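Per chain, numbering begins at 1; letters A, B, ... match sequence-line order. For the numbers below, each heavy atom of this structure counts, side chains included, while hydrogens, waters and symmetry mates do not. Because the structure is predicted, anything quoted here is derived from the model rather than measured.
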Protein chains: 2
Amino acid sequence: MTKPPTRIQKRNQAAILSAGLEIFSQYGFRGTTLDQIADAAGLSKPNLLYYFPSKEAIHTALLERLLENWLDPLKALNSDGDPVREIIAYAHRKLALSKGYPRESRLFANEILQGAPRIENILHNDLKQLVDEKAAVIKGWADAGKIAPVDPYHLIFSIWALTQHYADFDVQVRAVLPDSDPYKGAATYLDHVISRILQP
Amino acid sequence: MTKPPTRIQKRNQAAILSAGLEIFSQYGFRGTTLDQIADAAGLSKPNLLYYFPSKEAIHTALLERLLENWLDPLKALNSDGDPVREIIAYAHRKLALSKGYPRESRLFANEILQGAPRIENILHNDLKQLVDEKAAVIKGWADAGKIAPVDPYHLIFSIWALTQHYADFDVQVRAVLPDSDPYKGAATYLDHVISRILQP
DNA sequence: CGTTCTTTTGACCATCTGGTCAAACCAAGA
DNA sequence: TCTTGGTTTGACCAGATGGTCAAAAGAACG
């Protein structure tokens, strides 16, 4: 019998999650303080704790929301489609995620860097199962000669690395790149890389 | 007139830096406590502060030590060498760095994720200058038709991403990979990827 | 307007954290 | 052995931090 959230609850919970994402993704869990989040959300600290019972709860909520969509791009890889097209499309979905949700990407990166204490089981279960499944599909394509005979696991890692790099190492990319929008050149380059990798 | 460090100073400073690297690389600057470092180094907290004046000082020392070698692999890229060989060799040097110094890689990743507050100027000066120089070399090779016409900046980013991923996302890689040593397959795959990217 | 339920806040607390300091301890050379 | 200078520590401190609570202030609705 949970009551539907009020207008104010919706607004404030959204503000807290948005603020939490901003801060957690930059400073990590331990590096973030409730005061920082409260400030960014425009609330007092006790008011913030009226909506979420603890710092941990905010972080958990953010991770859960992130993981809901994090695996979608890979899930959508279709074993019946054209191999090269499918994998390129996957890489582009991942790049779009980095571009559209860089803070989520950094939140995830922070979690992994710290040893993934809160999502280790998800990595070992959901993620591993999904990757195993799709790796098998890719291996099938390779065995059939439809793509180059590459290790499917490392292929997937390389797509993760190539795309998430632009979100996670944003500061470095922008420090080095003369161009103002890294993602423009990134998409073109990604096309080149993946199609070259896969050419039988 | 600085005195040479005593035997005990050498031992303890090394222990502190090693412990600091271990903890900082996992929890980031703010997520790390002096007690954690002191514990890991086998010293009391005041004793630790006898050797380094502050938490900041330990972190700075580690970053400086790291940066001393961080750019070497790229510096060694020789404009007179064989283009494809040179770039592949560079990628392998980077991969070796990830394998041999994963904690340093994660320390760097943490710093970048947090917006690089302590090394922003180095990124904008030393790093940018070096990358600009080597990107020009690579562009020359591309223009001469010796390698495929790729954007040299994104090529360099992709080498960083592909190699550092194995150190920074180690937990995730090991959660997914059936194999026990990710670096074995990684080297082979890296060879494949870079040579395919560069084929004119 | 009055009642009820939600929302907000100021004051407060225990614990953690970076850092200090004087005093004790110890290594090593004269 | 004594002295000197480097080393270690227990006790301590101020400020930060996660979290609590009772009471005040606002919505919502008849």
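- Taking atom NZ on B/K55 and atom P on C/dT17, their separation rounds to 9 Å, with Å as the unit.
- Applying the 4.0 Å criterion to OP1 and OP2 of C/dT7, one finds that A/T6 has a side-chain N or O inside that range.
- B/Y51 comes within 4.0 angstrom of the backbone, heavy atoms only, and of no base.
- Note on B/R30: every side-chain N or O is 4.0 Å or more away from OP1 and OP2 of C/dG18.
- The shortest distance between the side-chain N/O atoms of A/R7 and the OP1/OP2 oxygens of C/dT6 is not below 4.0 Å.
- Between the C1' atom of C/dG18 and the CZ atom of B/F52 lies a distance of 16 Å, rounded to the nearest Å.
- At least one side-chain nitrogen or oxygen of A/Y50 sits closer than 4.0 Å to the OP1 or OP2 atom of C/dT7.
- At least one cation-pi condition fails for B/R30 and A/F29: the charged atom is not both under 6.0 angstrom from the six-membered ring centre and inside a 45 degree cone around its axis.
- Looking only at side-chain heavy atoms (C-beta outward), A/N110 and B/N110 come within less than 4.5 Å of each other.
- Residue B/Q9 places at least one side-chain N or O under 4.0 Å from the OP1 or OP2 atom of D/dT7.
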Test side-chain contact (heavy atoms from CB on, under 4.5 Å) on B/T60 and B/F52 and set out the steps. CA-CA 11 Å; B/T60 302; B/F52 287 87; over 6 Å; no

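- At least one side-chain nitrogen or oxygen of A/N12 sits closer than 4.0 Å to the OP1 or OP2 atom of C/dT8.
- If you check every strand for non-hydrogen atoms under 4.0 Å, A/R11 touches nothing.
- In this entry the distance linking CD1 of B/I16 with C1' of C/dG19 reads 15 Å, nearest Å.
- Ring geometry, B/Y166 versus B/Y183: the interplanar angle falls from 30° to 60°, so the pair is classed tilted.
- B/Q13 places its CD atom 11 Å from the P atom of D/dT8, with the value rounded to the nearest Å.
- Using a 4.0 Å cutoff on non-hydrogen atoms, the parts of residues 33-49 of chain B near DNA chain C are B/T33, B/L34, B/K45, B/P46, B/L49, ordered by number.
- As rounded to whole Å, 13 Å separates atom P of C/dT17 from atom CZ of B/F24.
- Side chains of A/Y51 and A/N12: a donor on one and an acceptor on the other come within 3.5 Å.
- The backbone N or O of B/P182 sits nowhere less than 3.5 Å from a side-chain atom of B/D179 that would complete a donor-acceptor pair.
- In this entry the distance linking CD1 of B/I8 with C1' of C/dA28 reads 10 Å, nearest Å.
- Residue B/H59 contributes atom NE2, which lies 13 Å from atom P of C/dG19 at whole-angstrom precision.
- Under the 6.0 Å cut-off for aromatic ring centres, B/W160 and A/F169 do not qualify, their centroids lying 6.0 Å or more apart.
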